[in-house]
There are 2 protein chains.
Amino acid sequence: MAQQRGPLDSLIKALTGLPGLGPRSARRIALHLVMNRGKVMEPLVAALEETARSVKICNACGNIDVCDPCRICADVRRDARFLCVVAGVADLWAVERTGAYKGKYHVLGGLLSALDGVGPDDLRIAALPDRVRNAQAQEVILALSATVDGQATAHYLTDRMASAIPGVKISRLAHGVPVGGELDYLDDGTIATALKSRAAL
Amino acid sequence: MAQQRGPLDSLIKALTGLPGLGPRSARRIALHLVMNRGKVMEPLVAALEETARSVKICNACGNIDVCDPCRICADVRRDARFLCVVAGVADLWAVERTGAYKGKYHVLGGLLSALDGVGPDDLRIAALPDRVRNAQAQEVILALSATVDGQATAHYLTDRMASAIPGVKISRLAHGVPVGGELDYLDDGTIATALKSRAAL
């Protein structure tokens with residue numbers, strides 16, 4: 001670049017590292033921030049500082065919240081007999097948004113991946129059997145993505161849980177046609193699975 | 001949302017306002033920031049604060065820089081006979097990246113838009129004739145987007161400059177096939193324009 005822009009270049013560089021942002025979107029955002037200092041940039045800095053100050057990772061489940069243990073772990077109204085295993089906090093939020101689940105969570109912090117070199121010791125897996133035992137959970141629900149890594153992680157967890165806690169029920173999310181999804185746009189694998197798991201009316 | 005996440009929700013809300021970021025990308029970025037506090041979040045906060053502290057808008061041309069007048073306005077080696085009019089700082093950066101222009105700039109701060117209610121008084125237009133006169137500029141290059149708003153702004157500026165400073169040369173960027181562009185993927189208007197403006201070999 002012909003021009004040396006100092007702090008603005010550092011800001012663009014810091015933004016470029018964020019998920020989904022390339023150099024072009026980072027430049028657009030940096031300019032938007034500079035041009036709207038009072039209305040956009042200052043609230044963002046304040047929100048970042050408040051988040052850095054107060055948000056913690058829950059030692060029990062791996063969720064993030066302003067308290068540790070997090071409010072889901074601390075909530076006695078939530079049913080500890082169900083433990084929902086998710087890859088990340090975004091997935092926990094996705095399940096929470098449905099309002100259909102009232103049990104507890106366990107956040108792995110990722111998925112097993114041979115390609116990316118992520119093994120069981122890189123994830124929050126070792127603590128899982130103890131959590132299930134201590135909470136006397138009856139069912140472990142594996143809410144993992146239907147991808148290669150997600151399914152490999154599900155298989156690994158199923159084997160490990162079955163040998164560590166014989167008798168615990170392990171389930172996974174149903175596969176099928178997404179609600180509102182058009183058959184014509186779905187891949188063959190999903191349609192085949194939905195056909196095999198068809199429900200009686 | 002079932003869960004009250006306090007500061008994290010404020011952060012997601014602040015991020016959602018940024019150009020190109022919807023709620024989903026804002027959530028992803030917020031999580032990435034929280035999970036990588038030292039390596040990502042703190043450098044970003046530092047860069048934002050340094051930018052807020054030191055970056056100014058140049059009173060002469062509308063560019064942003066750490067000094068006012070900006071380094072392009074202050075640079076005596078840049079040829080003041082040429083004044084390149086751009087809609088925003090991003091376009092100024094785009095022209096600078098080419099390294100092909102050594103004149104000065106004038107940043108309008110937007111484009112005229114009947115739909116969005118942007119009139120001449122909302123842009124840095126009133127100061128333009130005086131800048132051209134004071135710098136004794138010989139050519140005003142309108143480097144505006146080839147969109148409806150860009151072309152409307154170009155027409156307006158051409159009329160206004162012609163009556164304010166008779167004799168000043170006003171030019172626009174050439175239309176044609178983008179370098180590296182495949183004809184098959186180009187719209188008819190561009191191909192027709194490129195055909196009309198064809199260059200002898």
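Proteins get letters first, then strands, A, B, ... in listed order; numbering begins at 1 in each.
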task: Could you list the residues that satisfy side-chain contact (heavy atoms from CB on, under 4.5 Å) with B:Ala146, not counting sequence neighbours?
output: B:Gln151, B:His175

query: Which atom pair, heavy atoms only, marks the closest approach of A:Pro7 to B:Glu50?
result: CB-CG, 3.6 Å

message: A:Arg131: which residues meet the side-chain hydrogen bond (donor to acceptor under 3.5 Å, both in side chains) condition with it, sequence neighbours left out?
response: A:His106

message: Between B:Leu8 and chain A, with a heavy-atom cut-off of 4.5 Å, which part of the residue counts as in contact: side chain, backbone, both or neither?
response: both

statement: Of the listed A:Val45, A:Asn36, A:Thr51, A:Val40, the one with the largest count of heavy-atom pairs under 4.5 Å with chain B is A:Thr51

CD1 on A:Ile141 to NZ on A:Lys104, rounded to 0.5 Å: 14.0 Å

Contact origin within B:Arg28 toward chain A - heavy atom pairs under 4.5 Å: both

- request: Could you tell me whether A:Lys56 atom NZ has more than 12 heavy atoms of other residues or ligands within 6.0 Å of it?
  value: yes

field: Proximity breakdown for B:Val34 and chain A, heavy-atom pairs closer than 4.5 Å
entry: side chain

statement: Hits for side-chain hydrogen bond (donor to acceptor under 3.5 Å, both in side chains) against A:Arg24, two or more places apart or cross-chain, chain-then-number order -> none

message: I need the single residue from A:Ile57, A:Asp65, A:Leu92, A:Val89 that forms a side chain to side chain contact (heavy atoms under 4.5 Å, CB included) with A:Cys70. Which is it?
response: A:Asp65

task: Might you point out which heavy atoms bring B:Ala154 and B:Thr158 nearest each other, and give the distance in Å?
output: O-OG1, 2.6 Å

Pairing of B:Arg78 and B:Glu96 as salt bridge, 4.0 angstrom limit: yes

- prompt: Mind checking which of residues 10-22 of chain A sit less than 4.5 Å from chain B, heavy atom to heavy atom?
  reply: A:Ser10, A:Leu11, A:Ile12, A:Ala14, A:Leu15, A:Gly17, A:Leu18, A:Pro19, A:Gly20, A:Leu21

- request: Could you look at B:Ser25 and say if it's the side chain, the backbone, both or neither that has a heavy atom under 4.5 Å from chain A?
  value: neither

task: Specify which of B:Leu33, B:Leu48, B:Thr98 makes the most heavy-atom pairs with chain A at under 4.5 Å.
output: B:Leu48

message: For B:Val95 and B:Tyr105: C-alpha separation, side-chain torsions, deciding distance, then whether side-chain contact (heavy atoms from CB on, under 4.5 Å) applies.
response: CA-CA 10 Å; B:Val95 176; B:Tyr105 288 95; 3.3 Å; yes

- prompt: What part of B:Val66 lies closer than 4.5 angstrom to a heavy atom of chain A: side chain, backbone, both or neither?
  reply: side chain

message: Tell me which of these, B:Ala46, B:Ala90, B:Ala47, has more heavy-atom pairs under 4.5 Å with chain A than the rest.
response: B:Ala47

